Novice: 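Next up is a structure, given as structure tokens.
Model, not experiment: these values are computed from the prediction.
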There are 2 protein chains.
Amino acid sequence: MHRHEGHDACQAGVGDMLARAESVCRERGLQFTPLRREVMEAVAEAGKAQGAYDIAETLSAPGKRVAPVSVYRALDFLMQQGLVHRIASRNAFIPCAHGHAPGEGVVFLICRSCGGVDEASSEELEDGLDRTLKRAGFTPAHSILEVEGDCGACRGRQEAG
Amino acid sequence: MHRHEGHDACQAGVGDMLARAESVCRERGLQFTPLRREVMEAVAEAGKAQGAYDIAETLSAPGKRVAPVSVYRALDFLMQQGLVHRIASRNAFIPCAHGHAPGEGVVFLICRSCGGVDEASSEELEDGLDRTLKRAGFTPAHSILEVEGDCGACRGRQEAG
DNA sequence: GGCGGGTTTGTTACAGTGTATCACCGCAGC
DNA sequence: GCTGCGGTGATACACTGTAACAAACCCGCC
């Protein structure tokens, strides 16, 4: 079972994500500054993975420039708190749709037609990976699992249209 | 069962890799040019993943400069033929230790102390991934599975030393 | 041998991604 | 007030990758 219903559902939850970010920071005694909130919001609102430079542009306005370096710092912070993820194959960032421990086996499903990114996780997959690593004598610290393909919604649209 | 014994075993096979590359190209009617051979050799000889610029530097000598763009082209070719792999999380390249179909579920095991990269594959892992994707209604086209951690050799060395 | 067409390589320039460094600001605590 | 500290702004830079065009090469063909 994947844990949510698609990108529309995700977008509906922007407020939830911000609320969660805020409470996570409060719990940990960390600052959820305006900049961090804006970056979190930009990542959460976009329907697809955003590059750091995209975010910088989104947040910039005539007279108020947000430099990419500031975005990177905010993203680093948000990633450390597990609030956003980095998609290595795209050099882009997405909001974390639900809490999970860092290093836990989550797969990112990247749709090549709509650009949306879903998260999926399963015991089965994690067990398979663990056993494979154990057999190889390898101690994992951090995993990157990304699959590019077509999400159900887009495939349906193609078949219909 | 992982399919080979570690980085020393890999390095011993540089000649084999070149021979395989050559025969693959001959079979497919493609050119295994001197540049492509040199790039393949550089990737195969290095004990760890090499960046394109590293390779360019390795191949350059006083009076004979190899530009990164040439290396990228050779790498693109070698990747298309399945002779080298790209490690997305490192922006770096490794030789393919053994033949496998493109898109097949191979995991890259990246050691954070020695920098070596192993390949591992298992039915179990692939099945788990397939089922997880199917449940999510996602049709995969291409997967990236990379795990960072400590390889057996390095862990042994740490415990001993 | 010369010609034409495809592929490979060289070269330059540039776009995109990410980091280092330093200065400044705001704020808590003394 | 002073100091220390985390966050931000700003500039510069390093690293990664691609576009575009020209030159060299190869190979079949006339």
Side-chain angles (χ1 to χ4, degrees), chain A residues 21-22 25-26 28-43 46 48-81 83-94 115 144 146, chain B residues 21-22 25-26 28-43 46 48-81 83-94 115 144 146:
Chain A
E22 192 159 5
C25 290
R26 199 171 33 236
R28 300 178 190 172
L30 302 170
Q31 304 179 38
F32 193 53
T33 64
L35 177 62
R36 290 171 179 172
R37 162 178 280 273
E38 283 173 48
V39 170
M40 184 76 218
E41 199 169 358
V43 173
K48 52 181 196 157
Q50 294 286 294
Y53 280 64
D54 297 333
I55 299 170
E57 197 175 351
T58 300
L59 298 186
S60 291
K64 177 212 173 200
R65 172 179 129 89
V66 177
V69 63
S70 298
V71 174
Y72 277 111
R73 284 189 290 228
L75 287 171
D76 286 343
F77 171 84
L78 295 171
M79 279 192 291
Q80 276 176 18
Q81 308 314 318
L83 297 168
V84 312
H85 296 299
R86 183 184 147 80
I87 306 297
S89 60
R90 294 279 178 115
N91 296 325
F93 303 83
I94 59 165
I144 296 175
E146 298 175 8
Chain B
E22 192 159 3
C25 290
R26 200 170 35 235
R28 300 179 190 172
L30 302 170
Q31 305 179 37
F32 194 52
T33 65
L35 177 63
R36 290 172 181 173
R37 163 179 281 273
E38 283 173 49
V39 170
M40 183 76 219
E41 199 169 359
V43 173
K48 53 181 196 157
Q50 294 285 293
Y53 279 65
D54 296 334
I55 299 170
E57 196 175 351
T58 300
L59 299 185
S60 292
K64 177 212 173 200
R65 171 180 131 89
V66 177
V69 62
S70 299
V71 174
Y72 276 111
R73 283 190 290 227
L75 287 171
D76 285 343
F77 171 85
L78 294 170
M79 279 193 291
Q80 276 176 16
Q81 308 313 317
L83 297 168
V84 311
H85 296 299
R86 181 183 148 82
I87 306 297
S89 60
R90 294 277 178 116
N91 296 325
F93 303 83
I94 59 165
I144 296 175
E146 299 174 9

Novice: Taking the minimum atom-to-atom distance to the side chain of R36(A), which one of dT17(C), dT8(D), dT8(C) wins?
Specialist: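 For R36(A), the side-chain atoms sit closest to dT8(D).
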
Novice: Looking at R86(A), does any N or O in its side chain come under 4.0 Å of the phosphate oxygens OP1/OP2 on dG18(C)?
Specialist: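 Result: yes.
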
Novice: Measure from the side chain of T33(A), starting at C-beta and using heavy atoms only, and say which of dT8(D), dG18(C), dT9(C) lies closest.
Specialist: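 Of the candidates, dT8(D) comes closest.
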
Novice: Atom CG of L35(B) and atom C1' of dC25(D): how far apart are they, to the nearest Å?
Specialist: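 Atom CG in L35(B) sits about 14 Å away from atom C1' in dC25(D).
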
Novice: What residue pairs, at least two apart or across chains, pass salt bridge (charged side-chain N to carboxylate O under 4.0 Å, His left out) with a residue in residues 65-74 of chain A?
Specialist: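 Non-adjacent pairs meeting salt bridge (charged side-chain N to carboxylate O under 4.0 Å, His left out): zero.
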
Novice: Over how many whole Å does the gap from L78(B) atom CG to dT9(C) atom P extend?
Specialist: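 So the CG-P distance, L78(B) to dT9(C), works out to 10 Å.
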
Novice: From dG6(D), dT11(D), dT8(C), pick the nucleotide closest to the side chain of Q31(A)?
Specialist: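 Nearest to the side-chain atoms of Q31(A), counting from C-beta on, is dG6(D).
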
Novice: Which whole-number value in Å describes the distance from D76(A) CG to dT17(C) P?
Specialist: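 Result: 16 Å.
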
Novice: Taking atom CG of L83(B) and atom CZ of R36(B), what is their separation to the nearest 0.5 Å?
Specialist: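 Here the rounded value is 11.0 Å.
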
Novice: Nearest-Å distance, CG (D54(A)) to P (dT17(C))?
Specialist: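 Answer to the nearest Å: 7 Å.
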
Novice: Rounded at 0.5 Å granularity, tell me how far CG in L30(B) sits from CZ in F77(B).
Specialist: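 Spacing of CG (L30(B)) from CZ (F77(B)) equals 5.0 Å.
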
Novice: Just to confirm, is there a sub-4.0 Å distance from OP1 or OP2 of dG10(C) to any side-chain nitrogen or oxygen of S70(B)?
Specialist: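 Yes, such a contact exists.
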
Novice: Looking at N91(B), I'd like to know whether one of its side-chain N or O atoms comes within less than 4.0 Å of OP1 or OP2 on dC15(D).
Specialist: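 For dC15(D), neither OP1 nor OP2 has a side-chain N or O of N91(B) closer than 4.0 Å.
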
Novice: Closest approach to the side chain of F93(B), judged atom by atom: which nucleotide of dG17(D), dG10(C), dG18(C) is it?
Specialist: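 For F93(B), the side-chain atoms sit closest to dG17(D).
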
Novice: Tell me the interatomic distance from R73(B), atom CZ, to dT16(D), atom P, rounded to whole angstroms.
Specialist: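 In whole Å, dT16(D) P lies 19 Å from R73(B) CZ.
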
Novice: Side chain of Y72(A) only, please: which of dG18(C), dT9(C), dG17(D) is the nearest?
Specialist: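 My answer, after comparing the listed nucleotides, is dG18(C).
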
Novice: In terms of the nearest nucleotide of DNA chain D, which residue is placed more toward the 5' end: F77(A) or Y53(B)?
Specialist: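 Going by which nucleotide is closer to the 5' end, it is F77(A).
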
Novice: Which whole-number value in Å describes the distance from R37(A) CZ to dG7(D) C1'?
Specialist: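 Value for this atom pair: 17 Å.
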
Novice: Students often get this wrong, so: under 4.0 angstrom with heavy atoms, is V66(A) touching a base, only sugar-phosphate, or nothing?
Specialist: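 Nothing: the residue V66(A), judged by heavy atoms under 4.0 Å, touches no strand.
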
Novice: How many angstroms lie between CZ in R86(B) and CG in N91(B), if you round to the nearest 0.5 Å?
Specialist: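 Rounded to the nearest 0.5 Å, the CZ-CG separation comes to 5.0 Å.
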
Novice: Could you list the residues that satisfy side-chain contact (heavy atoms from CB on, under 4.5 Å) with A92(A), not counting sequence neighbours?
Specialist: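 Partners of A92(A) under the side-chain contact (heavy atoms from CB on, under 4.5 Å) test: A49(A), R90(A).
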
Novice: In whole angstroms, how far is the C1' atom of dT17(C) from the CZ atom of R90(B)?
Specialist: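 In whole Å, dT17(C) C1' and R90(B) CZ are 17 Å from each other.
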
Novice: May I have the distance from I87(A) (atom CD1) to dT17(C) (atom P), rounded to whole angstrom?
Specialist: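 About 14 Å, once rounded to whole Å.
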
